[in-house]
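In what follows, a single structure is set out as structure tokens and then discussed.
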Amino acid sequence: QVQLVESGGGLVQAGASLRLSCAASGRGRTFSEAAMGWFRQAPGKEREFVAGISRASETYYSDSVKDRFIIARDNAKMTVSLQMNSLESGDTAIYYCAKTRRTAFFASYAYLSTQASYDTWGQGTQVTVSS
């Protein structure tokens, strides 16, 4: 069974950049046969989709982070990253990495943005952006 551990969170000023990483442990084939996603949960709000990447490395983003965030995966290292640029106070949240069940090579935005598509979650990493 794959486990996910996020890192890279912290406190930054608005306009700065951060790079989150998610390391998977377990069977490499399980990682490469799944799509990956990043979600976030701000205080008092529900967890929401941020970015997703399919097995084919198609990428999808929520409107709020599009053109600022970049998701990438490295199957050999079993990692997925989230490069966050031009951070805003509204980006303050706990960020979670997640893995889908074994899935097709290509995936849709609808599939990757749905929390029910994911069967494994990390413990989260805090990102705080001060204005």
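Just so you know, residue 1 is the first one in the sequence shown, and it goes up from there.
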Legend entry - Closest contact, heavy atoms only, Val2 versus Thr120: O-CG2, 3.3 Å
Legend entry - More than 12 heavy atoms from other groups under 6.0 Å of CD on Glu48: yes
Inset, instruction - For Glu58 and Ala107, indicate whether the former's side chain and the latter's backbone hold a donor-acceptor pair under 3.5 Å. - result: yes
Inset, instruction - Would you check if Thr79 and Arg73 make a side-chain contact, meaning some heavy-atom pair closer than 4.5 Å? - result: no
Inset, instruction - May I ask whether Trp121 and Met36 are part of the same hydrophobic cluster, defined by side-chain heavy atoms of I, L, V, M, F, W, Y residues being less than 4.5 angstrom apart, directly or through others? - result: no
Legend entry - Lys/Arg-Asp/Glu bridge criterion (N-O < 4.0 Å) met for Glu33, Arg55: no
Legend entry - Close side-chain approach of Gln123 to Glu6, heavy-atom, < 4.5 Å: yes
Inset, instruction - Ignoring hydrogens and angles, state whether a donor on the side chain of Asn85 or Ser17 is under 3.5 Å from an acceptor on the partner side chain. - result: yes
Inset, instruction - Decide whether Val80 and Tyr118 are clustered together by the hydrophobic rule: side chain heavy atoms of Ile, Leu, Val, Met, Phe, Trp, Tyr closer than 4.5 Å, transitively. - result: no
Legend entry - Side chain to side chain, Leu18 and Val127, heavy atoms closer than 4.5 Å: yes
Inset, instruction - State, with a plain yes or no, whether a side-chain heavy atom of Arg101 is found less than 4.5 Å away from one of Thr103. - result: no
Inset, instruction - Assert yes or no for the condition that the ring centre distance of Phe49 to Trp38 is strictly below 6.0 Å. - result: no
Inset, instruction - Measure across Thr100 and Ala34 and return the closest heavy-atom pair with its distance rounded to 0.1 Å. - result: O-CB, 3.4 Å
Legend entry - Closest approach of Ser86 to Asp91 (non-hydrogen atoms, all atoms of both residues): O-OD2, 4.4 Å
Legend entry - Connected via hydrophobic side-chain network under 4.5 Å: Val12 and Ile94: no
Inset, instruction - Check whether Val65 and Phe39 end up in the same hydrophobic cluster, where Ile, Leu, Val, Met, Phe, Trp and Tyr are linked by side-chain heavy atoms less than 4.5 Å apart. - result: no
Legend entry - Exercise: do Gln126 and Thr128 side chains pair donor with acceptor under 3.5 Å: yes
Inset, instruction - Flag this pair as yes if the NZ/CZ of Arg40 is under 6.0 angstrom from the six-membered ring centre of Tyr96 and inside a 45 degree cone about the axis; otherwise no. - result: no
Inset, instruction - Of all the heavy-atom pairs spanning Tyr61 and Phe69, show the shortest one and how long it is. - result: CE2-O, 3.2 Å
Inset, instruction - For Ser21, enumerate each residue passing the side chain to side chain donor-acceptor pair (under 3.5 Å) test, keeping only those at least two apart in sequence or located in another chain. - result: Arg19
Legend entry - Check: Ser108 side chain, Tyr111 main-chain N or O, donor-acceptor pair, under 3.5 Å: yes
Inset, instruction - Mark yes or no for whether Ser54, through its side chain, and Ala56, through its backbone, hold a donor-acceptor pair below 3.5 Å. - result: yes
Legend entry - Nearest heavy-atom neighbours spanning Phe31 and Asn75: CE2-OD1, 3.3 Å
Legend entry - Donor-acceptor contact present, side-chain Tyr109 to main-chain Gly52, <3.5 Å: no
Legend entry - Verify same cluster id: Leu20, Leu4 (apolar side-chain graph, 4.5 Å): yes
Inset, instruction - Check whether any side-chain N or O of Gln13 sits under 3.5 Å from a backbone N or O of Leu87 as a donor-acceptor pair, and report yes or no. - result: no
Legend entry - Stepwise side chain to side chain donor-acceptor pair (under 3.5 Å) test for Ser117 and Gln115: CA-CA 5 Å; Ser117 300; Gln115 296 188 44; over 6 Å; no
Inset, instruction - Look at the side chain of Thr125 and the backbone N and O of Gly9, then say whether any donor-acceptor pair between them is shorter than 3.5 Å. - result: yes
Legend entry - OG on Ser25 to CD on Gln3, rounded to 0.5 Å: 4.5 Å
